[in-house]
Amino acid sequence: MAINTSLKKVPMPAQDPLVRNHNFKEVTTGYTPEMAVEEARRCLNCKTKPCVEGCPVNVHIPEFIHLITEEKFEEAFQKITETNSLPAVCGRVCPQESQCEARCVRGKKGEAVAIGRLERFVADWHREHASRPPEKAVTNGHKVAIIGSGPSGLSCAADLAKAGYDVTIFEAFHTGGGVLVYGIPEFRLPKAIVSDEINNLRAMGVNLQTDMVIGRILSVDELLEDLNFDAVYIGSGAGLPSFMGIEGEDLIGVYSANEYLTRSNLMKAYNMEYATPIRKSRAVAVVGGGNVAMDAARTAKRLGAEKVYIVYRRSFAEMPARKEEVEHAQEEQIEFLNLENPVRIIGDERGQVKGMEVIKMKLGEPDSSGRRRPVAIPGSNYELDVDTVIVAIGTTPNPLLKKTTEGLETDRWGCIYTKDNGATSREGVFAGGDAVTGAATVILAMGAGKTAAASIDAYIRHKKAALSRTEI
Ligand code: FAD
Ligand code: SF4
Ligand code: SF4
């Protein structure tokens with residue numbers, strides 16, 4: 001089939017910005033089969049596969065795209081899932097522009113091949129047309145416990161279940177999915193996709209136990225010693241929000257982004273049929289410049305706020321959020337107050353937020369992260385008229401597992417120390433994802449889950465071999 005020489009990606013259909021900023025339906029609606037084939041024809045099927053090197057789980061990119069050009073969509077899905085168990089998720093939320101697509105040769109002159117959009121298309125096609133759920137592997141008689149059902153726990157569980165392990169995931173919340181469910185909003189990642197992925201894992205024999213806080217109800221030591229799990233994988237994420245430490249953060253109307261998004265996404269505060277309370281805001285300031293800040297701001301707009309500001313102390317160039325998310329937020333009338341920083345949150349006589357004092361900033365010399373350090377401009381303070389403040393400046397791992405697990409070492413931010421293979425300082429205990437790296441990305445968390453699954457398999461086989469030598 002002839003190569004499509006267009007320098008531009010086939011555009012992604014999307015809801016009108018001024019309609020979608022009043023609903024929670026998915027922003028982009030996905031390629032049709034014709035669009036997918038047209039975009040797939042832009043791929044040069046490069047022998048050296050530079051795009052694959054940019055993918056943390058090494059998806060067989062040229063191969064799956066070639067199958068799309070032949071309209072073999074189910075085969076394309078099977079090709080992707082050889083290395084990636086959550087393609088419908090990754091196709092939507094991976095920072096492709098800095099990973100697979102960053103390495104695409106078509107990107108040297110024009111736009112890269114839309115690898116993420118094609119991955120999403122294939123996964124959605126499979127969801128609509130798949131006739132049977134995945135099969136259960138023959139059991140090998142060994143048990144593995146996984147703490148946390150975010151992307152890293154789910155991908156570790158999928159690989160171990162495929163290898164015949166009896167896998168139990170213990171999840172603190174009442175439903176599985178981690179940040180995919182409680183953090184990333186419905187309008188970016190429909191929750192039905194995550195529950196389908198979890199149902200597939202169930203069909204593979206994985207047991208998901210919800211409302212199980214490990215470290216409170218059971219400890220890691222009990223899992224290993226009393227419940228006879230051969231190994232434990234910790235994929236508990238980094239869900240503890242950081243605050244700015246400024247005056248007024250205890251006022252009514254100040255939220256961490258995690259709490260705000262959890263109320264809206266997991267506890268469906270946007271749906272009148274649910275009783276979850278959430279503030280009816282008139283004007284909202286979201287502090288931060290990452291994906292979490294964009295999600296919180298766009299959620300606040302959809303919940304009815306007239307004005308929503310992103311307050312970020314650097315400029316657009318340093319903003320860590322995905323470019324596409326920043327553009328979507330701008331289209332949805334989120335106002336960006338870049339090079340500005342909160343000084344204090346101002347309360348009224350009832351202890352409710354009535355404004356935020358902000359100071360303007362300029363960029364100085366680069367700091368240790370390589371980004372130019374923001375410096376306050378004296379006397380530039382002013383009061384921003386807001387009744388809600390959402391703090392989205394980062395998260396760290398919850399210290400509960402460190403406190404309750406014998407011999408589990410962490411660094412000073414509470415991130416679990418591991419070797420490259422995911423092994424922690426405690427024998428039989430492995431870890432990965434945000435619990436190890438601090439807040440990062442879905443695909444890195446999944447990559448860590450896969451690495452640990454292979455290491456757990458090797459560890460259990462080695463232990464079994466050593467045991468049988470002793471018995472002889
Ligand atoms: P998590 O997804 O955090 O899952 C951990 C799970 O462990 C949770 O369900 C938690 O309840 C459970 N848990 C914790 N402690 C215990 C315990 N003691 N016992 C039992 N269960 C426990 N990344 C991207 O790549 N693209 C994006 O667009 C993007 N947007 C994001 C938007 C938001 C709002 C947020 C918060 C993050 C975003 N990220 C994004 C980051 C990404 O979601 C995370 O890096 C990823 O989810 C980490 O996966 P994980 O499995 O390590 O942890
Ligand atoms: Fe790209 Fe993410 Fe898919 Fe890898 S998993 S090919 S990084 S979209
Ligand atoms: Fe196709 Fe781009 Fe990968 Fe080459 S680098 S195989 S053009 S996706």
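From a predicted model like this one, the values you see are computed outputs, not experimental measurements. When a ligand or atom number is given, it counts from 1 through the structure's own listing order.
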Under-4.0 Å heavy-atom contact with ligand 1, by part of [X] that carries it:
X      : value
Leu261 : side chain
Arg188 : side chain
Asp295 : side chain
Ile147 : side chain

* Asked: Which atoms of ligand 2 sit under 4.0 Å from any heavy atom of Asn84?
  -> 5 (S)

* Asked: Counting each atom of ligand 2 from 1 as listed, which ones have a heavy atom of Gln99 under 4.0 Å away?
  -> 7 (S)

* For atom 3 (Fe) of ligand 3, how many protein N, O or S atoms come closer than 2.8 Å? ->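 Under the 2.8 Å cut-off, the count stands at 1.
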
* To do: Scan for side chain to side chain donor-acceptor pair (under 3.5 Å) pairs involving residues 207-216, sequence neighbours excluded, and state none if there are none.
  =>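 Of all non-adjacent pairs touching residues 207-216, none passes side chain to side chain donor-acceptor pair (under 3.5 Å).
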
Measuring from non-hydrogen atoms of [X] to any atom of ligand 1, is the shortest distance under 4.0 Å?
X      : result
Gly239 : no
Pro151 : yes
Gly215 : no
Val213 : yes

* Ion pair present between Arg20 and Asp16, side-chain N to carboxylate O less than 4.0 angstrom? ->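 No, no charged N to carboxylate O under 4.0 Å.
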
* Charged N-O contact under 4.0 Å between Glu111 and Arg106 -> no

Who gets closest to [atom] by heavy atom: [options]?
atom                    : options                : answer
atom 8 (C) of ligand 1  : Glu171, Glu325, Gln96  : Glu171
atom 2 (O) of ligand 1  : Leu180, Val179, Thr210 : Val179
atom 33 (C) of ligand 1 : Val292, Val181, Ile217 : Val292

* **Distance-only donor-acceptor check, side chains Tyr312 and Glu318, under 3.5 Å** =>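 Side-chain D/A pair, Tyr312 to Glu318: absent.
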
Short list, please: which atoms of ligand 1 are under 4.0 Å from a heavy atom of [X]?
X      : value
Gly235 : 5 (C), 6 (C), 7 (O)
Phe170 : 20 (C), 21 (N)
Val442 : 23 (N), 24 (C), 25 (O), 42 (C), 43 (O), 45 (O)

* For atom 44 (C) of ligand 1, find the nearest protein heavy atom and state the residue, atom name and distance (0.1 Å precision). => Asp434 OD2, 3.2 Å

* Asked: So which protein heavy atom does atom 19 (N) of ligand 1 come closest to, and at what separation?
  -> Ile214 N, 2.9 Å

* To do: Go through the structure and list residues passing ring pair (Phe, Tyr, Trp, His ring centres under 6.0 Å) with Phe316, not counting sequence neighbours.
  => Phe336

* To do: Mind checking ring pair (Phe, Tyr, Trp, His ring centres under 6.0 Å) for Phe73 and listing every partner two or more places apart, or none if nothing turns up?
  =>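 For Phe73 the ring pair (Phe, Tyr, Trp, His ring centres under 6.0 Å) partners, ignoring immediate neighbours, are Phe121, Trp125.
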
